[in-house]
Amino acid sequence: MQILKYLFFEKPIYAYKIRPHLKLEAYHQLYEMLESYQSDRELMHKPLEEATYTIFDLETTGFLPEIGHEIISIGAIQMEGLQACNIKKFHQIIRPIRPVHRHTLELTGLTRSQLRSGCSFIEGFERFLSFSKDSILVAHPAKFDMRFLQAMLKRWKLPQFDPPVIDSQLLAQWLLPEIRHQLDPLLRYFDIEQMERHHALNDAIMTAELFDQLLKGAVESGISDYLSLKEHLSHISKSKANASLLLSR
């Protein structure tokens, strides 16, 4: 029912509301940035302990961008390898097109006033893109966040975004198979101080501290660079998918 409601009623309204944004200079600038985006090949071969990482988190109005759910804030921490130096912070509230349910406001701690004062998705994503330039993205789990970003870009008629990404949840599954791989159990395992959850910057900070521990484990296990780690984690992901398939039969 929700899908039909979105396709035949809400989607046309959404398209109508974003149409004026597609004529703005900011939209064309972001379009050109995405169209010309290329991952830094040198970064992919850099030793893991020396590469630059942008650990990010999204707060959204739901779990299904395919039926119109939106990103309402992006939080990120940037750090350089195991040195944990030159740490930079990013936090941007994004003004949604559709009304936000009260439950989402309560969960994220955002107010309607804050959302009204936020920037548009194209402005917010352009700032995030500039902030994360020349770095490897990290999210927990990256599959959700990247799927959401790609769906939003498609909705806004923007080119797709294909950066180097590390899924810290998958990394934890490999290094700590006996531990539950959601964020909270892992924070407890590493005795990382827990901040208020479901705030994009707070979650990014905690994920960054977690990733720092996991990155050390990957380096100690003999993984040299991003491409080696990506290949290793792809085998973990396939094994997980095969196990899920067997359990569903």
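In terms of modelled atom types and a separation under 3.5 Å, the side chain of Glu123 and the main chain of Ala26 share no donor-acceptor contact. A donor-acceptor contact shorter than 3.5 Å is absent between the side chain of Tyr53 and the backbone of Ile77. In this structure, the side chain of Asp203 does not engage the main chain of Arg197 through any donor-acceptor pair within 3.5 Å. One N or O on the side chain of Arg112 and one on the backbone of Val100 form a donor-acceptor pair closer than 3.5 Å. Side chain of His181 to backbone of Ile179: a donor-acceptor contact under 3.5 angstrom is found. Listed for the Gln92 side chain is no donor-acceptor partner under 3.5 Å among the backbone atoms of Ile74.
Defined by atom type and a distance below 3.5 Å, a donor-acceptor pair is missing between the side-chain atoms of Thr54 and Ser132. For Tyr189 and Gln213, the side-chain atoms include no donor-acceptor pair closer than 3.5 Å.
Under 4.0 Å is where a charged nitrogen must lie from a carboxylate oxygen, and between Glu66 and Arg147 at least one such pair does. The pair Lys216-Glu220 does not count as a salt bridge, with every side-chain nitrogen at least 4.0 angstrom from each carboxylate oxygen. Using a cutoff of 4.0 Å between basic side-chain nitrogens and carboxylate oxygens, Lys46 and Asp225 are not scored as salt-bridged.
Minimum heavy-atom separation, Leu171 to Leu215: CD2-N, 4.5 Å. Phe148 and Gly62 make their closest contact through CE1-O, 3.3 Å (heavy atoms, listed as atom of the first residue, atom of the second, distance). When all heavy atoms are compared, the tightest approach of Gly81 to Asp212 is O-OD1, 4.3 Å. Closest approach of Phe90 to Leu201, counting heavy atoms only: O-CD1, 3.6 Å. Between Ala204 and Gly75, the shortest heavy-atom distance links the atoms CB-O, 3.6 Å. Contact record, Ile94 with Leu115: O-CD2, 3.9 Å, taken as the closest heavy-atom pair.
Counting heavy atoms of neighbouring residues, nucleotides and ligands inside a 6.0 Å radius, atom CZ of Phe63 does not exceed 12 of them. Open room surrounds NE2 on His101; 12 or fewer heavy atoms of other groups in view lie less than 6.0 Å from it. Atom CG of Asp162 is surrounded by 12 or fewer heavy atoms from other residues, nucleotides or ligands within 6.0 Å. The 12-atom threshold is not exceeded at CD of Glu196, counting heavy atoms of other residues, nucleotides or ligands nearer than 6.0 Å.
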- Message: What verdict does the side-chain contact (heavy atoms from CB on, under 4.5 Å) test give for Ile192 and Leu186, after you've listed the backbone C-alpha separation in whole Å, the side-chain angles of each residue and the deciding distance to 0.1 Å?
- Response: CA-CA 8 Å; Ile192 294 170; Leu186 288 165; over 6 Å; no

- Query: Are Ile13 and Glu10 close enough, and set up right, to give a side-chain contact (heavy atoms from CB on, under 4.5 Å), and what steps lead you there?
  - Reply: CA-CA 5 Å; Ile13 294 175; Glu10 294 177 341; 5.6 Å; no

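Counting heavy atoms from C-beta on, the side chains of His199 and Glu59 never come closer than 4.5 Å. Considering only heavy atoms from C-beta on, Asp57 stays 4.5 Å or farther from Met206 through its side chain.
Using cut-offs of 30° and 60° on the angle between ring planes, the pair Trp156 and Phe121 is tilted. A perpendicular orientation is assigned to the rings of Phe125 and Phe161, their planes being inclined by more than 60° (bins at 30° and 60°). Ring orientation note: the planes of Tyr27 and Tyr31 are tilted relative to one another, at an angle of 30° to 60°.
The CG atom of Leu137 sits 12.0 Å away from the CG atom of Asp167 when rounded to the nearest 0.5 Å. Going from atom CG of Leu48 over to atom OG of Ser228 covers 7.5 Å, rounded to the nearest 0.5 Å. Note that the CD atom of Glu32 and the NE2 atom of His28 stand 8.5 Å from one another [nearest 0.5 Å].
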